[in-house]
Amino acid sequence: MIAAQEGTWNSGMPYLRAGTGPPLLFMPGLSNHHRPPRGFDRRTQLGQIAPWTTTRRVWWVNRRPGLQPGTTMADLARDYAEAMPDHFPGPVDVLGVSTGGSVALQLALDHPALVRRLVLVASAHRLGPGREVQRRAAAAVREGHPRRAMAELAATTGARWWSRRLLWTLGWLLEPSGARHGYDDFLAVAEAEDRFDVTARLPEVSCPVLVVGGDRDGFYGAALFREAAAAVPRGRALVHPGVGHLGVIAGERSVRDASSFLDTPDAPDFPGNWRAPSGTAG
């Protein structure tokens with residue numbers, strides 16, 4: 001396990017920092033709470049950023065705790081925007097995973113001077129089938145059935161029936177380990193993402209954007225990944241065949257592709273002239 005420093009940004013946003021090299025702001029996916037990660041959760045988050053730490057100084061930064069009902073994606077993006085100048089001297093590369101990608105895209109729209117390049121991993125400009133999944137999960141939490149909620153969310157990250165069944169069981173079994181701080185932050189972000197849809201604003205994105213997804217993604221789907229990249233003036237999409245939500249997030253190909261995208265020098269037709277090292281087509 002990699003060694004990491006930890007702390008909080010000025011509004012209480014927890015961070016983990018590790019690695020050396022150019023900075024990379026890593027926005028994680030949906031979580032039960034926004035307190036500093038501990039135990040299994042901390043190991044999981046460090047595992048996600050570990051492949052980047054050999055060439056990048058990675059800032060894993062979650063949303064602030066204590067979110068109020070009615071919080072919007074714009075509010076979450078503003079929290080990042082207000083804190084980023086204290087940690088980065090100029091625009092920085094941003095990578096958002098799943099729900100973190102929604103926040104990252106909102107950041108690029110509302111605060112374009114802060115984002116150099118943007119990578120959306122298993123994320124897009126709105127939810128697809130995942131909107132109903134998250135609505136059911138939020139309802140289950142409010143009704144006092146959080147294990148059912150976490151099981152369904154976990155199952156939706158799989159690509160095939162057997163992986164979905166296994167992930168459902170894991171979600172059910174692991175739910176108590178993440179429930180000790182309650183679900184208020186989860187509910188606030190799930191509600192914000194339920195309302196999130198920046199389809200009409202995609203042409204405003206000024207930075208280069210890479211969208212990486214799987215054609216078996218249960219939250220978005222291949223069509224949304226391609227739609228997002230096509231509507232962004234400097235966008236590219238890579239859709240991995242036979243891969244689900246979790247497979248893209250945890251896959252080595254996603255790291256190779258995103259790293260190549262972020263490190264390729266600018267050119268007049270970038271990213272149109274860029275080719276993914278994995279060979280995956282858009």
Side-chain angles (χ1 to χ4, degrees), residues 2 16-29 45-61 88-98 100-105 107-108 112 114-125 159 202 205-217 220 222 224-282:
I2 61 173
L16 300 170
R17 185 180 65 207
T20 58
L24 174 68
L25 175 57
F26 187 105
M27 298 186 183
Q45 301 305 331
L46 288 177
Q48 282 196 55
I49 68 172
W52 295 95
T53 58
T54 57
T55 58
R56 292 272 178 162
R57 186 170 182 81
V58 182
W59 289 79
W60 176 101
V61 186
F88 308 116
V92 66
D93 293 330
V94 178
L95 186 148
V97 175
S98 191
S102 299
V103 185
L105 182 54
L107 176 73
L114 299 177
V115 182
R116 176 180 173 266
R117 293 184 185 178
L118 174 63
V119 178
L120 304 179
V121 177
S123 187
H125 50 296
L202 287 175
V205 179
S206 57
C207 66
V209 178
L210 175 65
V211 184
V212 185
D215 67 357
R216 290 178 177 264
D217 190 292
Y220 296 92
L224 279 182
F225 298 137
R226 294 189 176 102
E227 180 181 312
V232 170
R234 302 179 68 189
R236 286 288 300 276
L238 298 179
V239 180
H240 299 298
V243 181
H245 196 73
L246 181 60
V248 168
I249 292 172
E252 294 181 1
R253 287 183 298 177
S254 300
V255 175
R256 291 199 306 271
D257 292 339
S259 181
S260 170
F261 176 82
L262 294 174
D263 294 341
T264 297
D266 276 310
D269 57 350
F270 180 83
N273 64 338
W274 173 78
R275 293 295 178 268
S278 70
T280 302

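What you are looking at is a predicted structure, and each value in this text was computed from that prediction instead of being measured.
- Of all heavy-atom pairs between A18 and I2, the closest is CB-CD1, 3.9 Å.
- Closest of all the heavy-atom pairs between V239 and D215 is CG1-N, 3.7 Å.
- Residues L46 and W60 have side chains not in contact (no heavy-atom distance under 4.5 Å, counting atoms from C-beta outward).
- Taking the six-membered ring where tryptophan is involved, the planes of F261 and W274 are perpendicular, since the angle between them exceeds 60° and thus also 30°.
- Distance CD1/I49 to CZ/R17: 11.0 Å, rounded to 0.5 Å.
- Evaluated for a side-chain contact (heavy atoms from CB on, under 4.5 Å) with S254, the options V212, V243, I249 yield exactly one hit, V212.
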- request: Take D93 and R116, measure what salt bridge (Lys or Arg N to Asp or Glu O under 4.0 Å) needs, and give me the verdict at the end.
  value: CA-CA 5 Å; D93 293 330; R116 176 180 173 266; 2.8 Å; yes
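- In plain terms, the two heavy atoms of R236 and G272 that are nearest each other are NH1-O, 3.8 Å.
- How far CH2 of W59 is from CE of M27: 13.5 Å, rounded to the nearest 0.5 Å.
- Here the closest heavy-atom approach between residue A108 and residue C207 is recorded as CB-SG, 4.4 Å.
- Rounding to the nearest 0.5 angstrom, the gap separating the CG atom in D263 from the CZ atom in R56 is 5.0 Å.
- Not counting sequence neighbours, R253 has no partner by the salt bridge (Lys or Arg N to Asp or Glu O under 4.0 Å) test.
- Distance check: H240 NE2 to F225 CZ gives 10.0 Å after rounding to the nearest 0.5 Å.
- From R275, atom CZ reaches atom CG of L238 across 10.5 Å, with rounding to the nearest 0.5 Å.
- No side-chain heavy atom of S98 sits less than 4.5 Å from a side-chain heavy atom of V121.
- Atoms CZ and CG, from R57 and L24 in turn, are 12.5 Å apart once rounded to the nearest 0.5 Å.
- The two residues V232 and V209 make their nearest non-hydrogen contact at CG1-CG2, 3.8 Å.
- For the residue pair N273 and A267, the shortest heavy atom distance occurs at ND2-CB, 3.7 Å.
- In this view, S102 and E193 satisfy the side-chain hydrogen bond (donor to acceptor under 3.5 Å, both in side chains) rule, not counting sequence neighbours.
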